[in-house]
Amino acid sequence: MTLPEAFPAPEFFVRDSAPSLRWAVLAPGGIAVEFVRALLRFTDQRVVAVGSRSRDRAAAFAARFEIPHAFGSYEEVVERGDVDVVYIASPVSEHVRLGLLAVGAGKHVLVEKPLATTAHDARRLFAAAEDAGVFAMEAMWTRYLPQSSVIRRLLADGVLGEVESVLADHGQAVPRDPSRRLWRPELGGGALGDIGIYPIAFASEMLGAPTQILAQGMVTSTGVDAWATIALDHDGNAHAALSAGLLTRTPIVATVAGSAARVELASPFFMPTSFRLADTALFGESRLWREPTGMTGFDGLSWEATALARYVDEERVESPLHTHEETISILATIDEARRQIHDAGRVVR
């Protein structure tokens with residue numbers, strides 16, 4: 001195959017493409033710091049309130065980002081009339097409870113990923129949001145990065161041919177401290193949630209929902225999944241080979257391979273990055289696409305905020321790039337992989 005002369009132009013969620021909404025932050029932890037920093041630097045969105053179980057912690061966060069209102073409870077935040085959308089950055093074990101609190105108050109919600117600990121709980125939250133007529137979205141920020149829009153166009157234009165294989169990994173060397181969130185089952189810890197959701201969501205975007213799931217792995221002494229290797233079958237003889245882990249830092253790369261060409265994303269594949277488009281020959285032709293904005297790392301969180309504001313302005317209740325149905329399907333894949341690993345009972349010593 002001859003590769004195209006030029007890449008498609010990326011579709012940006014630029015700051016002036018959406019109205020300026022008034023945001024509140026629930027649970028001002030590490031990811032909330034990164035999100036608000038990116039939002040204030042790269043979007044026209046405004047943060048007007050922050051809530052925490054600790055008033056002092058909320059006040060410190062508010063002072064850091066010049067947020068006008070800080071509260072020592074979540075209820076005070078969601079009941080405010082000057083809040084349009086609530087960003088939930090708590091441990092996953094609290095996502096659904098806080099999400100239900102926000103949508104019950106008529107607020108749009110952006111919930112950090114994974115949206116819930118199970119597919120069942122995700123259905124509950126989305127059903128409540130739909131009943132309330134508000135927008136609800138999991139913060140799967142990779143869907144809104146420029147490289148994602150270019151890859152979607154390459155697939156839609158048939159440049160890759162029939163997509164038959166997806167490879168993706170995400171492993172972090174998380175300190176082996178049982179007090180840390182990812183090692184605690186009561187906080188929704190484990191490799192398959194915060195870490196494994198990236199390769200699983202990537203495979204879902206490229207191939208859709210799997211028809212069969214086969215997972216192997218081990219659990220920690222605290223009872224969470226330590227690592228997982230997952231094989232997924234998909235319609236059309238396609239497959240995905242995915243891995244996730246808490247124990248070691250892996251390359252964090254991804255590949256989409258089709259009958260005519262393949263895309264190889266540089267590490268870390270779920271942040272703003274480059275990719276290489278190559279033909280199917282072992283030593284064939286390839287071309288490099290580079291991220292054009294210069295944004296790096298958590299700067300990319302800004303695009304999902306602008307996307308949400310645009311979708312709210314369009315009176316949508318879900319993201320067309322990451323629907324409620326797909327979010328639930330991804331969590332169902334995680335549920336099944338986790339079940340298989342835990343049922344096997346292999347424990348990391």
Side-chain angles (χ1 to χ4, degrees), residues 3-20 31 34-45 87 110 112-113 137-160 163 166-168 170 197-207 251-258 261-278 286-314 316 318-323 326-327 330:
L3 299 180
E5 290 297 323
F7 288 104
E11 297 175 3
F12 295 110
F13 289 91
V14 293
R15 62 192 310 159
D16 60 358
S17 68
S20 177
I31 190 61
E34 301 294 351
F35 178 79
V36 172
R37 181 185 289 129
L39 184 145
L40 295 178
R41 183 179 178 189
F42 297 108
T43 83
D44 289 332
Q45 307 305 303
Y87 168 66
L110 176 65
E112 262 307 327
K113 47 89 201 117
M137 183 172 96
E138 182 182 57
M140 186 52 66
W141 58 308
T142 55
R143 297 294 171 94
Y144 310 96
L145 303 181
Q147 76 245 19
S148 297
S149 73
V150 175
I151 293 169
R152 285 192 294 267
R153 275 286 306 278
L154 291 173
L155 266 64
D157 292 347
V159 173
L160 272 63
V163 177
V166 169
L167 309 175
H170 184 194
I197 196 168
Y198 282 120
I200 293 170
F202 182 73
S204 176
E205 182 178 21
M206 298 297 109
L207 299 175
I252 315 182
V253 294
T255 298
V256 187
R262 70 184 183 278
V263 166
E264 302 170 349
L265 284 90
S267 178
F269 73 87
F270 54 82
M271 289 185 168
T273 191
S274 62
F275 68 80
R276 188 170 295 279
L277 176 67
S286 69
R287 292 187 184 166
L288 182 66
W289 181 89
R290 296 185 184 277
E291 207 288 323
T293 69
M295 293 168 66
T296 61
F298 290 114
D299 293 348
L301 292 168
S302 61
W303 281 304
E304 68 179 353
T306 301
L308 182 146
R310 182 193 294 184
Y311 296 150
V312 167
D313 189 50
E314 293 170 349
R316 298 179 183 268
E318 63 182 340
S319 166
L321 299 182
H322 191 54
T323 65
E326 188 189 4
T327 301
I330 291 166

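Count residues from 1 along the sequence.
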For [X] and [Y], work out which heavy atoms get closest and say how close.
{"X": "Ser286", "Y": "Leu3", "value": "CA-CD1, 3.9 Å"}
{"X": "Met295", "Y": "Gly300", "value": "CE-N, 4.4 Å"}
{"X": "Phe269", "Y": "Gln147", "value": "O-NE2, 3.4 Å"}
{"X": "Pro292", "Y": "Pro10", "value": "CG-CG, 4.2 Å"}
{"X": "Pro199", "Y": "Ala168", "value": "CB-CB, 3.6 Å"}
{"X": "Val150", "Y": "Pro8", "value": "CG2-O, 3.8 Å"}

To the nearest 0.5 Å, what is the distance between [atom1] ([X]) and [atom2] ([Y])?
{"X": "Glu304", "Y": "Leu39", "atom1": "CD", "atom2": "CG", "result": "9.5 Å"}
{"X": "Thr43", "Y": "Leu301", "atom1": "OG1", "atom2": "CG", "result": "11.0 Å"}
{"X": "Ile252", "Y": "Thr273", "atom1": "CD1", "atom2": "OG1", "result": "11.0 Å"}
{"X": "Ile200", "Y": "Phe202", "atom1": "CD1", "atom2": "CZ", "result": "13.5 Å"}

Are side-chain heavy atoms of [X] and [Y] found at a separation under 4.5 Å?
{"X": "Leu207", "Y": "Val256", "result": "no"}
{"X": "Phe298", "Y": "Arg37", "result": "no"}
{"X": "Phe12", "Y": "Ser149", "result": "no"}
{"X": "Ile31", "Y": "Tyr87", "result": "yes"}
{"X": "Thr293", "Y": "Asp299", "result": "no"}
{"X": "Leu160", "Y": "Leu154", "result": "yes"}

Which donor-acceptor pairs under 3.5 Å do the side chains of residues 137-146 make with protein atoms, sequence neighbours left out?
{"unit_1": "Glu138", "atom_1": "OE1", "unit_2": "His322", "atom_2": "NE2", "d": "2.8"}
{"unit_1": "Glu138", "atom_1": "OE2", "unit_2": "Leu115", "atom_2": "N", "d": "2.7"}
{"unit_1": "Trp141", "atom_1": "NE1", "unit_2": "Tyr198", "atom_2": "OH", "d": "2.8"}
{"unit_1": "Arg143", "atom_1": "NE", "unit_2": "Glu205", "atom_2": "OE1", "d": "3.3"}
{"unit_1": "Arg143", "atom_1": "NH1", "unit_2": "Leu321", "atom_2": "O", "d": "2.7"}
{"unit_1": "Arg143", "atom_1": "NH1", "unit_2": "His322", "atom_2": "ND1", "d": "3.3"}
{"unit_1": "Arg143", "atom_1": "NH1", "unit_2": "Glu326", "atom_2": "OE1", "d": "2.9"}
{"unit_1": "Arg143", "atom_1": "NH1", "unit_2": "Glu326", "atom_2": "OE2", "d": "3.4"}
{"unit_1": "Arg143", "atom_1": "NH2", "unit_2": "Ala201", "atom_2": "O", "d": "3.0"}
{"unit_1": "Arg143", "atom_1": "NH2", "unit_2": "Glu326", "atom_2": "OE2", "d": "2.8"}
{"unit_1": "Tyr144", "atom_1": "OH", "unit_2": "Ser319", "atom_2": "OG", "d": "2.6"}

*Could you tell me if the ring centre of Phe275 sits under 6.0 Å from that of Trp289?*
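Ring centroids of Phe275 and Trp289 are less than 6.0 Å from each other.
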*Over 12 non-hydrogen atoms of neighbours within 6.0 angstrom of CZ in Arg316*: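 Yes, enclosed.
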*Do side-chain atoms of Gln45 reach the backbone of Pro19 as a donor and acceptor pair under 3.5 angstrom?*
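Yes; judged by distance alone, with no hydrogens or angles, the pair exists.
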*Do Ser20 side-chain atoms and Asp44 backbone N/O form a donor-acceptor pair below 3.5 Å?*
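Such a contact is found between Ser20 side chain and Asp44 backbone.
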